[in-house]
Amino acid sequence: MKNILSHASIKHQASKSAMIKPSKIILLLLTLLLVFATLFIGDHLVKSQQDIWLLLTGEADRYQSIVVWQWRASRLFAALIIGAGLGISGAVFQSLVRNPLGSPDITGFNVGAFTGVLISIAFFGNLYWMSVLGAILGGLFSAILVYIFAYRDGHSGFRLIIVGIAISATLTAFNQWLSLTVSLETAMTAALWSAGTLNGMTWARVLPAAALISAFMVCAFLMNTRMRLLEMGDDTAAALGISVNRSRLVLMFVGVALTAVATAVTGPIAFISLAAPQIARRLEKSTNVSLGSSALVGALLLLCADFIAQHGWEGSTLPVGLVTISLGGIYLVYLIMREGKL
């Protein structure tokens, strides 16, 4: 009877978290405001409200339409879908590890995805689908290594993080060695890509990735109840009829796949998966990590970082990865100091 009540309580909490809260409305409004700014703010492009109306009705001149709806809109959509995917990936891993530091940035899964893409570029050239496949395989490989080396009669969240940092350092050294041994052209391609950028994003490039990310996000939401049960502890989850190891492996695969696909398209983008779930949790004033809010915050963070990358320095556009890693370094120091006081 107690198990049935616990299971019903989890379902009630899941349905309650799915309701639209004021924090989500605020996030949506901020995102819409930033979407408008990203599309229409720029030198010598939109000079009046009439220009915006012409763009919305499809009556603007060809140059304005191409810039806004082909270049800026595709980049905007990429930032939204990739940011949402990274936010959910971070929420999944932080839930599994039960630690705010347990994100793909810290545990090295994005570095593993980077390794897979480097190997793909080195052997097959800069082919899109081979890069995606290489990123997924590389991320899974690093996840398996962390999972194996961190196992000691079960998995401790702290142990997973420490082992993940060690695996990440090892793979980073391997990536540097690989970059030095390949041809100069391949090394330059890898170096430009490794900064993490949305430059040159087109609809042909972002739509296939968006389909994959959307599919994995749906899988994450379908596993949401199981994730909540795992947060209560392995024994409790098993008592409620959940296959603990299978559920954990499926969730880990979904989280790695979300990070890997994003990495294959844009290169490694730090900070989003680390910060989005924690910011969402604080906005909702909840002890649990919400997948929906994490997706919204992740999309808003990446869109904001890309806006800063485009307009923060006059005459130049920075890779968005440089902006996120700068913000992420400050946030990581704060998070470590805060966790150390608990």
Side-chain angles (χ1 to χ4, degrees), residues 85-116 138-175 220 223 227-228 230-234 237 244-245 247-260 262-263 268-282 287-291 294 297-298 301 324-325 327-342:
L86 290 175
I88 289 180
S89 177
V92 167
F93 281 114
Q94 289 179 22
S95 174
L96 289 176
V97 177
R98 302 168 202 160
N99 191 305
L101 292 174
S103 77
D105 310 275
I106 305 300
T107 50
F109 301 147
N110 60 343
V111 179
F114 182 24
T115 303
L140 287 174
F141 176 71
S142 62
I144 291 171
L145 287 179
V146 172
Y147 194 84
I148 291 174
F149 285 111
Y151 187 82
R152 294 290 185 278
D153 297 324
H155 286 91
S156 162
F158 180 74
R159 193 185 304 122
L160 281 167
I161 293 170
I162 295 301
V163 172
I165 292 173
I167 296 295
S168 176
T170 303
L171 290 176
T172 300
F174 175 78
N175 293 344
M223 294 289 293
M227 190 175 76
R228 293 284 172 264
L230 289 174
E231 288 178 357
M232 299 173 65
D234 292 355
V244 173
N245 289 329
S247 299
R248 183 176 284 114
L249 287 173
V250 171
L251 283 166
M252 184 175 288
F253 171 77
V254 171
V256 169
L258 285 169
T259 299
T263 303
I269 294 180
F271 169 63
I272 305 298
S273 57
L274 173 67
Q278 294 305 309
I279 294 174
R281 186 169 64 86
R282 284 166 174 77
T287 56
N288 295 321
V289 180
S290 168
L291 293 181
S294 297
V297 174
L301 285 177
T324 61
I325 202 168
L327 297 174
I330 299 171
Y331 181 79
L332 181 58
V333 171
Y334 158 76
L335 195 59
I336 292 174
M337 292 176 63
R338 180 181 177 277
E339 289 299 307
K341 294 178 181 179
L342 295 180

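Just so we're clear, the structure is a prediction, and the values are computed from it rather than from any experiment. Scope of the values below: all heavy atoms of this structure, side chains included, with no hydrogens, waters or symmetry mates.
The backbone N or O of Ser290 sits less than 3.5 Å from a side-chain atom of Ser294, completing a donor-acceptor pair. With hydrogens and angles ignored, the 3.5 Å screen pairs a side-chain donor or acceptor of Thr172 with a backbone N or O of Ser168.
Residues forming a side chain to side chain contact (heavy atoms under 4.5 Å, CB included) with Ile144 (at least two apart in sequence, or on another chain): Ile148. For Thr263, the side-chain hydrogen bond (donor to acceptor under 3.5 Å, both in side chains) criterion is met by no residue, not counting sequence neighbours.
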Discussion item. Applying side chain to side chain donor-acceptor pair (under 3.5 Å) to Thr259 and Asn110, what does each step give before you reach the verdict?
Written reply: CA-CA 6 Å; Thr259 299; Asn110 60 343; over 6 Å; no
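The shortest distance between side-chain heavy atoms of Gln94 and Gln278 falls below 4.5 Å.
In the model, Ser89 has no side-chain atom that pairs as donor or acceptor with a side-chain atom of Ser273 under 3.5 Å.
Contact between Gly87 and Ala276 at its shortest, heavy atoms only, is CA-CB, 4.0 Å. The shortest heavy-atom contact between Val146 and Gly164 is CG2-CA, 3.8 Å. The two residues Gly90 and Pro104 make their nearest non-hydrogen contact at CA-CD, 4.0 Å. Residue Ile272 comes nearest to Thr324 through the heavy atom pair CD1-CG2, 4.2 Å, listed as atom of the first residue, atom of the second, then distance.
Here the options are Val256, Leu274, Leu251, Ile161, the test is side chain to side chain contact (heavy atoms under 4.5 Å, CB included), and the partner is Phe93; only Val256 passes.
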